[in-house]
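Have a look at the structure below before the remarks.
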Amino acid sequence: MRDQWNSKLGFLLAAIGSAVGLGNIWRFPYVAATNGGGAFLLPYFFAIITAGIPILILEYTMGKTYRAGAPVTFARINRRFEWLGWFQVMISFVIAIYYFAIIVWCLSYIGFSFTQAWGNDPTRFFTEDFLGLTDSALNLGGINTSLLLPFLLIWAVSAFIMYKGVSKGIETVCKICLPILFLMTLILVIRGITLPGAVDGLNYLFKPDWNALKDPGVWVAAYGQIFFSLSIGFGIMLSYSSYLPKETDVVNSAFITATANHGYEIFAGIGVFSIMGYMALQQGVSVEEVAASGIGLAFMTFPTAISALPALNAIFGVCFFGALFIAGITSLVSILQTVVTGFHDKFEVSHKKAVTIVMVPSFVLSFLFITGAGMNILDIVDAFINNIGIVSAGVIELILITRFFDAEKLRREANEFSNFSIGRWWIYTLRIVTTVVLGMMIVLNTREYLANGYGGYASADINVFGWGTILFVVVFADVLTTMKGKDGYRDLDKISY
Ligand code: PHE
Ligand code: NA
């Protein structure tokens with residue numbers, strides 16, 4: 001028997017748990033601020049309406065109709081589409097491996113918050129004392145023994161959740177974790193907006209630069225943020241919705257998921273940037289000088305800000321790193337589940353066996369990220385997997401479904417159980433607008449990486465961990481597609497629209 005969510009609310013919480021991740025806290029505010037500020041909200045909402053919600057509806061409809069992970073779902077749609085499913089699964093597999101590492105860092109930093117162990121030079125502390133960062137991604141420099149304990153702990157916890165399964169494991173965890181995440185964020189936002197300097201931070205985030213709208217790069221950035229933030233295009237939402245009853249209203253589910261994710265994103269952005277505004281005021285510099293994103297924001301800039309707070313520093317540190325930690329865990333389980341169900345559905349192994357097949361190799365490979373080269377490898381893999389991998393998976397999905405398949409069938413299926421009927425615009429936006437923007441993104445990103453590499457890394461590093469990762473994903477997708485499955489896609493006849 002295939003697992004099923006206990007309730008629609010449980011499914012929604014899990015989907016929101018997947019969507020709300022590190023990207024909401026450390027990626028969105030920076031992307032918005034540097035791409036037109038308040039004016040960015042225009043392309044951002046445009047992308048939500050033309051790509052975010054339509055693709056969520058598409059993936060939810062496919063999942064609940066074909067009731068399988070990405071490989072078998074695409075195979076049930078058309079036997080020749082199976083490769084795309086494995087391509088998406090392999091992308092998820094890669095992300096899962098480095099997501100582990102970031103969560104490990106967050107857990108350590110929850111601990112450091114109590115004493116502000118980072119001292120007065122958090123950047124040096126993070127790179128040298130904490131990570132023992134080497135000079136190149138190819139110079140591994142040995143395993144970081146101080147990371148071993150949190151590493152094994154998080155590993156054990158995620159294995160436990162995954163073995164428990166979708167309804168008993170993931171659903172339960174999300175029900176407990178999301179309210180805590182919201183509470184921690186609320187504490188940060190209230191503290192943030194009541195600090196001196198908060199207004200400067202918020203101004204930096206929201207002050208509109210209307211000229212930015214003429215820059216195609218800003219529109220591409222908006223689409224990039226939506227894809228990453230909603231976890232769409234690489235099989236995650238499709239897998240989660242495959243545990244839904246067929247009668248579910250997926251149209252309203254898509255609206256709820258998107259509203260919660262983007263609402264949280266803007267909310268967290270207010271907290272993060274008001275605290276940065278305070279910090280800039282303390283240091284007598286402009287917000288622009290302290291603004292950062294990603295790893296830099298979380299582990300270099302924010303520790304400084306936490307130490308600079310007037311009181312209760314430890315509590316706010318725990319709230320910030322705790323929020324990152326929880327947002328990370330609830331996303332990690334969704335990426336892992338995407339891979340697990342890929343194997344479970346094609347090879348008809350038991351749930352436990354599928355979890356073992358996924359967890360053992362990801363455990364072994366994730367050691368790479370607790371070596372001295374971990375952060376550099378992570379940075380490169382993340383850029384290539386997001387900016388080339390996910391976008392390609394998304395555009396191939398749209399092309400296959402809207403041009404080589406009668407997407408009208410999916411529209412009818414979605415509408416049959418929905419109060420709000422989606423019109424034909426749905427197919428046209430996906431087929432034309434979204435496909436064109438994503439295609440443009442792939443061309444721009446690939447050209448940029450081929451011409452200038454990435455992040456100033458040596459070309460050997462880029463070849464091995466950037467292009468190498470893409471090659472790894474493609475080769476394994478080929479192999480897994482060729483392997484003979486047990487399923488035989490025999491449920492095919494039972495599917496109606
Ligand atoms: N959507 C998550 C975020 O915004 C990131 C994520 C990526 C989640 C991949 C699942 C899988 O941070
Ligand atoms: Na998100």
Side-chain angles (χ1 to χ4, degrees), residues 12-32 44 47-48 51-53 55-56 59 69-70 87-103 106 158 161-162 170 173-174 177-178 181-182 185 221-241 254 256-269 272 293-295 297-298 323-342 358 362 378 381-387 389-391 393-394 469 473:
L12 284 172
L13 287 175
I16 294 167
S18 168
V20 169
L22 304 168
N24 299 55
I25 303 171
W26 80 20
R27 196 173 185 276
F28 168 77
Y30 186 80
V31 172
Y44 176 73
I48 294 175
I53 292 173
I55 296 178
L56 263 184
E59 296 191 353
F87 183 53
Q88 298 184 332
V89 162
M90 285 310 298
I91 289 176
S92 297
F93 178 72
V94 170
I95 298 178
I97 296 167
Y98 70 78
Y99 235 72
F100 265 120
I102 303 175
I103 297 171
C106 293
S158 8
I161 302 172
M162 297 313 293
I170 296 176
V173 167
C174 289
C177 283
L178 286 200
L181 171 63
F182 182 73
T185 315
Y223 276 83
Q225 176 60 23
I226 298 304
F227 259 72
F228 183 77
S229 191
L230 281 177
S231 328
I232 50 180
F234 51 116
I236 300 220
M237 292 305 188
L238 192 158
S239 304
Y240 265 11
S241 58
I256 294 170
T257 312
T259 308
N261 178 62
H262 298 301
Y264 178 84
E265 201 153 72
I266 293 174
F267 188 61
V272 168
S293 125
I295 297 170
L297 170 84
L324 284 177
F325 177 76
I326 293 179
I329 286 275
T330 52
S331 294
L332 176 69
V333 292
S334 74
I335 320 173
L336 286 169
Q337 185 59 33
T338 301
V339 190
V340 168
T341 190
V358 176
S362 48
L378 194 153
V381 173
D382 180 65
F384 277 72
I385 240 3
N386 280 307
N387 301 331
I390 295 186
V391 193
T469 301
V473 166

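Residues take their numbers from the sequence shown, with the count starting at 1. Atoms within each ligand, like the ligands themselves, are counted from 1 in listed order.
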Nearer than 3.0 Å to the Na ion (ligand 2), the protein contributes N, O or S atoms numbering 5
- Close aromatic pair by centroid cut-off 6.0 Å: His262 and Tyr44: yes
Got a list of side-chain donor-acceptor pairs under 3.5 Å for residues 91-100, not counting sequence neighbours?
unit_1 : atom_1 : unit_2 : atom_2 : d
Ser92  : OG     : Gln88  : O      : 3.2
Ser92  : OG     : Phe234 : O      : 3.4
Tyr98  : OH     : Asp382 : OD1    : 2.6

Under 3.5 Å donor-acceptor pairs involving side-chain atoms of residues 328-335, not counting sequence neighbours:
unit_1 : atom_1 : unit_2 : atom_2 : d
Thr330 : OG1    : Gly17  : O      : 3.0
Thr330 : OG1    : Ile326 : O      : 3.0
Thr330 : OG1    : Ala327 : O      : 3.2
Ser331 : OG     : Gly17  : O      : 3.4
Ser331 : OG     : Ser18  : O      : 2.9
Ser331 : OG     : Val20  : O      : 3.4
Ser331 : OG     : Ala327 : O      : 3.1
Ser334 : OG     : Ser18  : OG     : 2.9
Ser334 : OG     : Ser331 : O      : 2.7

### Message
Donor-acceptor pair, distance only, cut-off 3.5 Å: does the side chain of Asn261 make one with the backbone of Ala258?
### Response
no
Ring center gap for Tyr264 and Phe182 short of 6.0 angstrom = no
* Asked: Does the side chain of Ser241 come under 3.5 Å of the side chain of Glu59 through a donor N or O and an acceptor N or O?
  -> no
What one should report as the nearest heavy-atom pair of Ala70 and Ser239 is N-OG, 4.4 Å
Lining ligand 1 at under 4.0 Å, by non-hydrogen atom distance, are residues Ser18, Ala19, Gly21, Leu22, Gly23, Asn24, Tyr99, Phe228, Ser229, Ser231, Phe234, Ile236, Ser331, Ser334, Ile335
Donor-acceptor pair, distance only, cut-off 3.5 Å: does the side chain of Asn387 make one with the backbone of Ala383?
yes
What one should report as the nearest heavy-atom pair of Ala51 and Tyr223 is CB-CE2, 3.6 Å
